[in-house]
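The next block holds one structure in the form of structure tokens; read it before the comments.
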2 protein chains.
Amino acid sequence: MTTHPSAEATLDKVLALSMLVTADMARFEAAERVTGPRLHLLWQLGMSGPCTQRALADALDVTPRNITGLVDGLVDSGHVTREPHPTDRRATLVTPTPAGAGFVARLRASHADLAEQLFGHMTPRQLATFTRGLDETLERFARLMDGDQA
Amino acid sequence: MTTHPSAEATLDKVLALSMLVTADMARFEAAERVTGPRLHLLWQLGMSGPCTQRALADALDVTPRNITGLVDGLVDSGHVTREPHPTDRRATLVTPTPAGAGFVARLRASHADLAEQLFGHMTPRQLATFTRGLDETLERFARLMDGDQA
DNA sequence: TATTGTTATACTCTATAACTATA
DNA sequence: TATAGTTATAGAGTATAACAATA
């Protein structure tokens, strides 16, 4: 009954899934009154712990000027504070407030919940098979990008 | 050797794939000097054919005011023109120029090429298995969103 | 009255360039 | 001299609200 899918049909489904994940994230952002780039910064901060704006600029791959704006917004919304760097008086340590830490915790919980909703029903074997397909695709992508740079 | 992946690890890989696809698209946009939202509009226009700004606003799920700005930019860059609607003098028909049509053709070719690069090496059976995993995940997502609305 | 698209206004994200304070 | 962060300036995308022309 099912004819074999074309590579293009499969890519379309990857894109569709990507859009749905993005939409789910947008819902979380709207509920928490935090924009995408600010969420990204908070997520990074949750992984790294308090760090300089320069480090955030490198991690998020945006300009230092951009980080200034994002941190300004997150200070206004009460998610982070700027603390003095203990040894370098030029630098500031962007530090989560309790509200900011709570946000990151909810974000992590939401992430885990989505994973469970999407994949929790699969048997370990099904999940392994599907994940292997993802791994292969990610590898192909890595090779593709290496090739284009060379 | 491979322990079974966790649902969360699999979701992380879906997100990683999503980011790579987005990065690939960004490269195309930069090469063509067209921004993401304008590309989206042109893609939609390629599917629908010439249509009103109102129809584009509905299709892209943005405000009519926003479409005005996007079309302004695409008129400036020579990708579309505003033509009078044959029967409704309030409306305009956003219409691709030859340059705009060429852009959409290149976008489609790029899409097909990426699909081939990512999935062309898989056997029909492997591709079918992987695609089935995607289908299941998309279905779970659909159910999840229905449930949240109810 | 309702609809199409625009003007007016405002906010966020993004970038480059010039500048200050510190290393 | 080099680095961390800011001010200044600019452009794109997004939204709401008020308005004009037309249906």
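All values derive from a computational prediction rather than experimental measurement. Side chains are part of it too, since the values below use all heavy atoms of this structure and drop only hydrogens, waters and symmetry mates. Quick note on labels: first sequence line is chain A, next is B, and so on, each numbered from 1.
Comparing A:Asn66 and A:Arg89, the nucleotide of DNA chain C nearest to each residue sits closer to the 5' end for A:Asn66. Both A:Arg90 and A:Arg82 sit near DNA chain D, but only A:Arg90 has its closest nucleotide nearer the 5' end. Comparing B:Thr87 and B:Thr35 along DNA chain D, the residue whose closest nucleotide (by nearest heavy atom) sits nearer the 5' end is B:Thr35.
For a distance-only test at 3.5 Å, the side chain of B:Arg65 fails to qualify as a donor-acceptor partner of the base of D:dT16.
Following rounding to the nearest Å, B:Leu70 (CG) and D:dG11 (P) show an atom-to-atom distance of 17 Å. Between the CG atom of B:Asp58 and the P atom of C:dG5 there is a distance of 10 Å, given to the nearest Å. When the P atom of D:dG13 is taken as reference, atom CG of B:Leu39 falls 11 Å away, rounded to whole Å. Between the CG atom of B:Asp72 and the C1' atom of C:dT4 there is a distance of 15 Å, rounded to whole Å. Counting to the nearest Å, the C1' atom of C:dA21 and the NE2 atom of A:His85 are 15 Å from each other. Distance CZ (A:Arg54) to P (D:dT6): 13 Å, rounded to an integer number of Å. Summarising the geometry, the separation between CD on A:Gln53 and P on C:dT14 is reported as 14 Å, rounded to the nearest angstrom. The distance between atom CZ of B:Arg33 and atom C1' of C:dA15, rounded to the nearest whole Å, is 14 Å.
Just one residue in the list A:Thr131, A:Asp135, A:Thr137 forms a side-chain hydrogen bond (donor to acceptor under 3.5 Å, both in side chains) with B:Lys13, and that residue is A:Asp135.
For the OP1/OP2 pair of C:dT14 and a distance below 4.0 Å, the side-chain nitrogens and oxygens of A:Thr63 include no atom meeting the criterion. Residue A:Thr68 has a polar side-chain atom (N or O) positioned under 4.0 Å from OP1 or OP2 of D:dT6.
Side-chain contact between B:Val71 and B:Val80 is present, with heavy atoms from C-beta onward closer than 4.5 Å.
Dense packing is recorded around CG of A:Asp76, with more than 12 heavy atoms of other residues, nucleotides or ligands lying under 6.0 Å away.
Considering only side-chain atoms of A:Thr52, the nucleotide from D:dG5, D:dA12, D:dT22 that sits closest is D:dG5. When each of C:dA23, D:dG13, D:dG5 is scored by its nearest atom to the side-chain atoms of B:Arg38, the top-ranked nucleotide is D:dG13.
Counted by atom type alone, B:Gln53 and B:Arg82 present one or more donor-acceptor pairs between their side chains at under 3.5 Å.
Of the charged side-chain nitrogens involved, at least one lies within less than 4.0 Å of a carboxylate oxygen, so that B:Asp24 and B:Arg27 count as a salt-bridged pair.
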